[in-house]
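Throughout, a chain's letter reflects where its sequence line sits, starting with A, and its residues are numbered from 1.
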Amino acid sequence: MTSTSALSKQYEPTEVEARWIRYWIENGFFHSDETSPTVPFSITLPPPNVTGSLHIGHALGSTMQDILIRWKRMQGFNAMWMPGIDHASIAVHVLLEKDIKRRENKTRFDLGRDEFMARAWKWKERSGNRISEQEKLMGFSLDWARERFTMDEGSNRAVREAFVQLYEEGLIFRAKRMINWDPVSETVVSDLEVDTAEENGSLWSIKYPIVGAKNGEAIIVATTRPETMLGDTAVAVHAKDERYLEFHGKEIELPLTGRRIPIVPIDIMREGKVWPDPAFGSGAVKVTPAHDPNDYEVSQIANLPILEVIDRTGKMAGEIPTKYIGMTVETARKAVLADLEAAELLVETKPYKVPRGRSQRSGAVIEPMLMEQWWVKAKPLADKALAAVEQGKTKFVPEHHTKTFMHWMTNIQDWCISRQLWWGHQIPAYYCENGHVTVAREAPTACKECNSAALKQDEDILDTWFSSGLWPFSTLGWPDKTKALRTFYPNDVLVTAPDIIFFWVARMMMMGLHFMKKVPFKTVYLTSTVTDENGKKMSKTKGNVIDPLDVVNGATLEVLLDRVDVERPPDIDGVKKQLKKHMPKGIEAMGSDALRFALAALNTGGSYIKLSIDRVAIYRNFINKLWNASRFALMNFDGYDPERFEAQINAPSGRAALGVPERWLLARLQATSGDVQASLEAFRFADAANAIWHFIYDDLCDWYIEIAKPHLRQSDDLVQDPQKAAYRHIVQGVLASTLETTMRLLHPFAPFVTEEIWQKLPKPQQLPESLMITVFPRADEGWRDPAAEGEIKVLQDVVTACRMLRQTYNVPPKQHVDVELRTSDDSQRRTLETFHDFMQKIASVRATITGAGAGSAAGSAKAIVSSTLEVVMPLGGLIDPTAEKARLAKEIEKSKKEISNIETKLAKPEFIARAPEDEVEKQRSRLVEEQAMVQRLTEALHTVESAR
RNA sequence: GGGCGAAUAGCUCAGCGGAAGAGCGCCGCUUUUACACAGCGGUGGCCGCAGGUUCGAACCCUGCUUCGCCUACCA
C-alpha cells in the first residue's frame, strides 16, 4: 500500500518530465469534448510564427495559459486549449529569401512561385514540428487533436469566405492610395509594419527660379529628399504669407527637368497647426504627390497632377531626364545634389534629424508610393469593437491597456490587406481581359460581368494578420456552424503580448464581432516583457537570450557556442564573446517546473520581468525542497492506512483527536487554498505562486514537519502505547493528506514534480489515476482555527526568542542551556506545557515553565515575547552585560517611539471624533501592550545593571 | 509633438488610506534520522522631490525631476 522506495536526494527533472508528458498525452487528458455537458472554458494559444522556435516570451505567455487551463480543468470545467501555428507570411519570406540568397545566390524570382512555395512548405513542416515538441516539453496541456495551421484547408476556406462576404458588403474594396512600399521585399506593408525612427540626415535648401521674374527671382524650398524634386508638381506657400502674395498664380522653372510647375497658396490645418508653416525655413514647400503622403493629400485638395518617379525596386523612373533613370534613390540623391550645385541652385546644407520608416521585417527604407491595393474599410468594424469594450464584453488585464486599445480603434485607418508576396492566401479575385473583377469563394469559370472565360486570379496574397483575425473561430470550424464553435466560442481568455494589441487583438475583435456577432474573448490578459537581469531586451547579438529549453534541459557553453556557428548571425565572434561573458559555465538543467514556477512567481503584473538563470535557480531550489519534504514523508508512512485516516477525518470524533499542530496546519492549508483561488481569479499569478511557496517553506517544512518528527519515529513503546500509535497514525495522515492537497494546489504551476510525488503518496483508492484530473482544492472555512493558530504562534515566538538569546550570547550549539519560560496567562502556560518537549529539542534548551512574579537571577538575559510572556536565560558569566544592555535599550527605544506615536494620535480630539471606533480601540490596546513591553524591558535592564 | 507607465531595503519587486513587507544579497552560527539546491539568528528604509486633501498618506490629488515604453506624414 505504501511505498518507501528510495528517492534521490536531489530532484532529477529530465527523466520524470519525459515520462509524464507521454502518460498525459497517451491517456488523452489534454483532450476536450465539445459535446460534454460541463461548463466550457476555452483559450486559444496565440499561434507561434512558423519561422521561429519557442522563445522565453512564448514560455511566459503559454505557462500562464497552462496554469489557467489546468486550474479550470481541475475545477471541473470543460477546458479546451487550442494549439496551432501561424504561416507568418512576410517573416517567412524575408528569412527564406535570405537563406536562398546565401546558399544559392538566387532571388525568389529566379526560383519561381511554385518552387518557392515548395520550399516554404518544407520549412513549415520542420519548424512546426519543432515548435510543438517544445510545447510538449514545457508540459503545456494543449488539445493536440485540434491542432491547426493558418494555411490549412479549414483556414483557407474561412479566409475566402470572410474575404468574399466583406467584399459583398462593401467592406473590402480596391483603391489607388498612398501605401508603404518595401523596395527590398517588393511588397506593400501596413502602417503597423513600419518602424519609424529619427536618423541622421540633412536638410537641403534649393533655389527654385520663378518663371518670368526679373533679375532671377526665386523661391527657396527646403527638403530632406532632394531626389524627389524630379517628381514635384507644385510649390506650396501659405495663402496668407505676405512674402509670397505677389507670386500666387505664377510658375516655377523646375530645375534639372525643364518642367514648369505652379506656385499654389494653401491654408490648411494639420494636427492643430497651420500648413505650410510660414515659420519653417522659407515658408515654401515643394510638393511631390506621388512619393510623400503629405504632398499627396495636398494634391487632392489643390487638384495637382501626380508624377511617379520611383519604381517598385526603389529606382528612378518615369518622365524624368534620362540620365537619372535606373539610379537608386540614394545615387539619384547625390546626382541631383551635384547637378544643383553645379547650377548654383543649392543654397544651404545642414545636418538634420530625419524620421525614416523602415520595414520591420526586411529593414529596407520604406518608400511612400501610390498604388492600387485591396483595403478593409476599418471604421464600421472598429466601431463595433469599441462599443463591445465600452460595454465591458471584453476586458483588458492589466486594465490600463484598455486606453491604448480604445485610442487606436478610435483613430483607426483603413487596413491595406494585399501583399505582393507568395507565401500566404492568394486573393480570391479574378480579372478578365476587359478589366472586370470577379470575387468568388471558388475559382469562377466566367467573368460575372462579361462572361469571359479568360480569367486570371489576382497574384497578390493577403496580409498574414487577415487569417489571424479569423483564428478564434476559424479553428473551431467556421464558416460551418459546428458544435465546437457553439461550445468554445467566445473564448474565456486571450493571453498575449501587448505589442500585438493592434496587429492581432484589434483584428480579432473586429472580425469576431462582424462574423460571429460576439466578442472573440471575454478577457484579454496582456503579459509582461521578459528581459535579462539588467532590464535589457534579449537579443541574439547581445548574447543575453535565455532559451527556455536550455533552461529546462541545461546546455554547456560548448553547445551554446556551436549553435552560434549553425545559426550564423552577422557578428559571430561578437555574439560568442557575449555568450562567454554572460554564461561562462553554460546553463545547469533546471527543469520545466522550475522555469514555469519562476515565470509565475516573478509575474507581478509590471511591464517587465527581469529573468536570469540565477533567478530560475531559486525556484529550482524550491522544487527540490518540496521533493525532499515529500521524500521525508514517504520514508515515514510505514503502517499508514489512508482509508482508515479518511474515515477518521470525516467523522467528528476523528477530528477531535487531531492535535493542535494538525489543526493549525490544516487551517493554514485551507487559507492558502483560498489565497491561490482568489489570486488566480484576478490573474495575480505571482501572489498565487508565493502563497504556495510560503505554505511549503514556512508552515509545512519549517514547523509542521519538525513538530511531527518525534511522533513519526518508530519505537518499541508504540506497541505498548496504543495512544501514541494512534497519534502517529494521525500525524501520518495529516502529512500525507496535506501533501496530497498541496500537490493539487501546485499542479497548474509545476505539473511534473507534483504528478511524480502525488503518484507515490499513499492516498485513498477512489482518487483518479492522474493528479491532473483531480479536483482543485477549495478553501473550506470549516477548517479555520484561530485558537490553534494562536497556540502555534506562541510556540513559534518562544522558540524564536530562545534561539535569539542563544545566538546572541554564542552559546555552543551542543550545549542545552536552562531557560525559564515565564507567563502570567494560564492558557499560554498550558500551551507551553503541551509543547515542552518539542521546544526543548528544537531550541536546544532545558526549559522550566513558571508563572508571573518570580525574580530573575542576576546576570540573566531576557527576551520579552509579549506583555504576558518572557523568556529568561540565566547565563552566569556567559552574558556580556554591556551587550545585553544595548540590546534591551534598543528595544525600549523602539517601543517608546511607538508609544509616543500612538499617544500623539490619541491626544487629538479629531482622531477620537472622526476615526472609526474600532480603529480608536485598536490604538488604545496597542498602547497598553507597548507600555507593558516597556515595563518588562526596563525591569530586565535593571536586572542586568544590578548584576554588575 | 501626443499618450501610457514606473520611482519603496544593496538588487528584484509586493503593499495602494489606519503598526514599513518578501525573495535574493550581506554578516554570523550549524552537517541535527528530508533537503548545504539546507537550517538558524541577525543587519538593512527621509516609501524620488515639493505642495495639497484627510483625524490619519508609501497609498488619493496637483506640480516637478529622473527613467522606461508605445505612438506621430512637419517640409
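Nucleotides B:C27 and B:U43 are separated by 7 Å at their C1' atoms, to the nearest Å.
Residue A:K9 places at least one side-chain N or O under 4.0 Å from the OP1 or OP2 atom of B:C35.
At a cut-off of 3.5 angstrom, counting only N and O atoms as typed in the model, there is no donor on one side facing an acceptor on the other between the side-chain of A:Q807 and the base of B:G42.
Every residue two or more places apart in sequence or in another chain was checked for a ring-ring contact (aromatic ring centres under 6.0 Å, His included) with A:Y296, and none qualifies.
B:U30 atom P lies 14 Å from atom CD of A:Q815, rounded to whole Å.
No side-chain N or O of A:E903 forms a donor-acceptor pair with one of A:S900 less than 3.5 Å apart.
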So which protein nitrogen or oxygen atoms get under 3.5 Å of nucleotides 3-9 of chain B's nitrogens or oxygens?
none

Please produce a list of atom pairs where a protein N or O lies less than 3.5 Å from an N or O of nucleotides 43-47 of chain B.
none

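In RNA chain B, consecutive stretches of 3 or more Watson-Crick or G-U wobble pairs with both distances under 3.5 Å are given as paired ranges: B:1-7 with B:65-71, B:10-13 with B:21-24, B:26-30 with B:38-42, B:48-52 with B:60-64.
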In B/S/- notation, 5' to 3', how is nucleotides 11-20 of chain B contacted by protein heavy atoms closer than 4.0 Å?
-> -BSSS--BB-
Let me have the donor-acceptor pairs involving side chains of residues 606-613 of chain A, under 3.5 Å, with sequence neighbours excluded, atom names and distances please.
from   : atom 1 : to     : atom 2 : distance (Å)
A:S612 : OG     : A:R615 : N      : 3.4

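Of the two residues contacting RNA chain B, namely A:V285 and A:Y11, the nearest-nucleotide position lying further toward the 5' end is that of A:Y11.
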